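Small disclaimer: the values here were computed from a predicted structure and weren't measured. Naming: A, B, ... by sequence-line order, numbering from 1 per chain.
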Amino acid sequence: MKKLSVTPSPHTHSGMKTAYIMLCVLLALLPAAIAGCLHFGIHAAELLGVTTGTAILSEMLCLLLFRRKMTVTDCSAAVTGLLLGMILPPDLPLWQGAAGSFFAVVIVKQIFGGLGQNFVNPALTARVAMMLAFTQQMTAFRAPAADAVSSATPLITGNASFWDLLLGNTAGCIGETCAAGLLLGGIFLMLVQVVSPVIPLTYLGSFALLSLLFGFDTVSQLLSGGILLAALFMANDPVTSPLTASGKFFFGIGCGCITFIIRHYGGYPEGAAYAILIMNLLTPMLDRRCAAIPFGVVSRSSAATKKQKKTA
Amino acid sequence: MKRLSGIHLPHWKRTEEQPVRALPLPETVRLPMLMHTGDPCQPAVKKGDHVLLGQLVGEAVSESAVPIHASVSGTVSAITQYRTADGTEVPCVEITSDGEQRIFDGCQPPSVKSRDDLIRAARESGCVGLGGSGKPTFLKLAAVQKPQMLIVNGAECEPYLTSDSRLMTEHPEDVIEGTVLIMRLLKIKEARIGIQTDKPAAIRKLSELSAAQKGITVCPLPAVYPQGAEKVVIYHTCGKVIPEGKTAADLGLITLNVSTVAFLYQYVQTGIPMTERVVTVDGDAIKKPFNLRVPIGTNAVRLLEYTGCDFDHLHKLLCGGPMMGAALSSPDFPILKPQNGLIACKSAKQPKPSPCIRCGRCIRVCPLNLMPVQLERAYQKQDIRMLTAHHITLCMNCGCCSYVCPAHRPLADVIQQAKTLLPKP
């Protein structure tokens with residue numbers, strides 16, 4: 001009789017894989033990425049290719065150097081690379097894109113221990129680093145189909161039409177301009193239950209509410225700049241966002257408020273990247289503070305109120 | 001009322017429509033002296049003794065033990081050693097059948113008129129929790145002085161398993177009569193029978209029969225695993241939450257499996273102790289899946305042969321269901337009282353675990369709202385304070401977290417190992 005395999009229970013699995021989650025994210029990013037390539041031309045497509053390719057190659061290099069298990073097939077590096085490409089200006093030199101991608105994967109992700117161990121979003125951190133390193137190129141935007149004529153993004157000018165914003169016919173980063181494509185991808189991710197809708201809803205909701213209260217044009221505020229991409233894809237990064245629904249709730253609200261403050265009262269026209277990075281740093285605290293209360297455990301606060309009632 | 005989380009599993013209940021069959025009588029049975037949770041029994045027979053069906057072979061010496069009875073009539077051929085699942089060695093009585101199945105004269109219907117009578121009868125019958133727990137039933141009945149409610153658990157949420165489901169469709173009257181018996185003798189006013197909605201026939205039959213009885217309600221439960229777990233079934237049938245560190249008995253609740261209740265009724269009628277049980281034999285290595293009525297102690301190989309098991313491709317054999325069952329190293333073992341399923345699988349492929357991406361799926365599916373990802377981290381750090389802060393003792397090892405983990409991390413197993421780090425009470 002041949003030996004049977006003895007493993008701990010459970011002996012069946014849902015079949016869900018990390019690679020499936022990452023592929024869904026890549027698929028969801030495609031509409032906005034394609035729209036960006038159509039609007040900004042071949043160089044934008046090349047830039048996306050370079051950032052994605054560099055991310056994958058540097059991940060492989062790191063895994064080999066650090067003698068880690070070859071996990072490049074989980075596609076997480078491809079997601080980081082594509083996300084980074086989508087938040088870069090369309091005319092950025094290719095080598096700068098490659099440098100940013102290398103920074104994202106090697107410095108932010110692999111040096112901290114690889115997948116699941118980084119405490120800030122790699123793509124956003126790389127973008128912030130590039131803003132400092134290549135300030136001139138990183139702030140040179142142009143309107144779609146215009147050649148080398150620099151123009152300001154609608155966040156600065158504030159004069160783009162609703163349809164232009166929706167379809168992405170404005171100046172901006174490659175993947176940030178086409179709001180319709182981003183929404184399509186974001187809704188797809190929620191429908192296939194790859195991401196939870198809590199962070200995007202609270203992020204966009206709190207931001208919209210503040211814009212409304214302080215008398216800004218809410219719709220164009222939501223559709224312009226990087227907030228949609230940030231709320232739907234960056235803030236939702238599971239590695240750097242809180243675990244529980246209540247943690248995600250506060251995380252989203254924090255992102256919304258900080259984005260609002262930076263956009264309107266800070267020195268930068270765009271605040272989503274900084275907002276998310278700041279909230280990333282608060283994630284460990286949110287995980288502790290917003291831990292799930294297990295079934296049958298009397299929460300500390302409700303136990304305290306009961307005691308008060310008894311004494312009263 | 002809020003529903004507890006869980007997972008939607010494929011049912012694979014191929015045996016649901018087939019009547020229970022009796023397995024042809026085996027030539028020998030092996031009866032280990034420990035089939036319940038608690039202390040082992042002492043063999044009451046010697047090699048060469050002739051025993052009849054239902055005759056005592058294992059004497060319950062300790063307070064928490066239940067006796068073991070001969071499941072075939074025949075001769076005691078040997079008294080050997082048997083290694084149980086947790087590794088302890090216990091004596092094991094082997095009986096060679098004479099094929100007559102003559103019933104022992106001492107098997108007379110007990111007279112049960114009071115609570116103490118019922119508890120004594122439950123003990124003498126050798127009855128243990130048939131849903132898989134193996135806890136002596138008399139202990140459950142005796143644990144509560146003034147029980148408020150009896151909860152009869154017919155959820156049967158594991159994939160493949162249908163033995164309870166068949167019992168409820170074939171002998172619904174046994175379940176109801178057993179419930180009435182326990183309610184009468186323990187002076188319980190209310191009983192709830194929880195059944196998953198994927199068993200409409202059982203719900204219909206039991207609802208019809210219970211309509212005539214006062215105090216019995218049939219509660220349809222959502223077909224979400226782990227519906228049959230004690231805390232879950234209690235919450236979904238009567239809304240009671242068992243506080244951490246307490247048991248169902250502390251709330252005045254008694255939970256029994258449907259098969260256990262039906263057995264108790266049969267025992268009071270006939271006086272034949274627990275000598276056989278129904279086992280679901282299924283899995284992708286099984287050609288003809290069946291629910292088989294087998295004498296306790298029958299070798300599992302006999303069941304596998306009868307159902308046309310593909311031994312060449314057999315990779316994994318499970319005692320119980322695929323979510324909580326234990327994998328066995330060899331098919332050569334006796335069927336014990338608590339074993340409700342025998343699942344033979346062809347594929348044993350398990351992907352290697354990859355890093356956690358903190359997606360939080362394990363938290364969302366945990367029926368008890370625990371945080372398996374944090375428990376795993378605490379275990380890696382050997383941080384006992386963090387383990388207790390996350391209430392590790394609540395975990396009932398249902399396996400939902402491991403089932404959904406996209407990184408294939410063995411969370412449930414890690415949590416079980418982490419429990420061993422806790423200081424012994």
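- At a 4.5 Å heavy-atom cutoff, the contact between A:Leu115 and chain B is made by backbone and side-chain atoms alike.
- Here the CE-OG1 distance, from B:Met371 to A:Thr244, works out to 5.5 Å after rounding to the nearest 0.5 Å.
- Sparse packing is recorded around NZ of B:Lys352, with 12 or fewer heavy atoms of other residues, nucleotides or ligands lying under 6.0 Å away.
- Neither the backbone nor the side chain of A:Gln117 comes within contact range of chain B; no heavy atom of the residue lies under 4.5 Å from a heavy atom of that chain.
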Margin query: Test side chain to side chain contact (heavy atoms under 4.5 Å, CB included) on A:His13 and B:Val404; report intermediate values, then the result.
Written below: CA-CA 7 Å; A:His13 192 271; B:Val404 294; over 6 Å; no
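- A:Thr7 contributes atom OG1, which lies 9.0 Å from atom CG of B:Asp413 (distance to the nearest 0.5 angstrom).
- By number of non-hydrogen pairs under 4.5 angstrom with chain A, the leading residue of B:Met324, B:Glu244, B:His391 is B:His391.
- Taken from OG in A:Ser9 to CG in B:Asn397, the straight-line distance is 4.5 Å, to the nearest 0.5 Å.
- When the candidates B:Gly360, B:Ala412, B:Gly325 are compared by the number of heavy-atom contacts under 4.5 Å with chain A, B:Gly325 comes out ahead.
- Of the residues considered (B:Ile343, B:Ile7, B:Asp332, B:Leu318), B:Leu318 shows the highest number of contacts with chain A, using heavy-atom pairs under 4.5 Å.
- Heavy-atom distances place no part of B:Pro410 under 4.5 Å from chain A, backbone and side chain included.
- Heavy atoms closer than 4.5 Å to chain B are found in the backbone of A:Ser241, but not in its side chain.
- Ring geometry for B:Tyr235 against A:Phe295 counts as perpendicular: the plane angle is over 60°, on a 0 to 90° scale with 30° as the lower cut.
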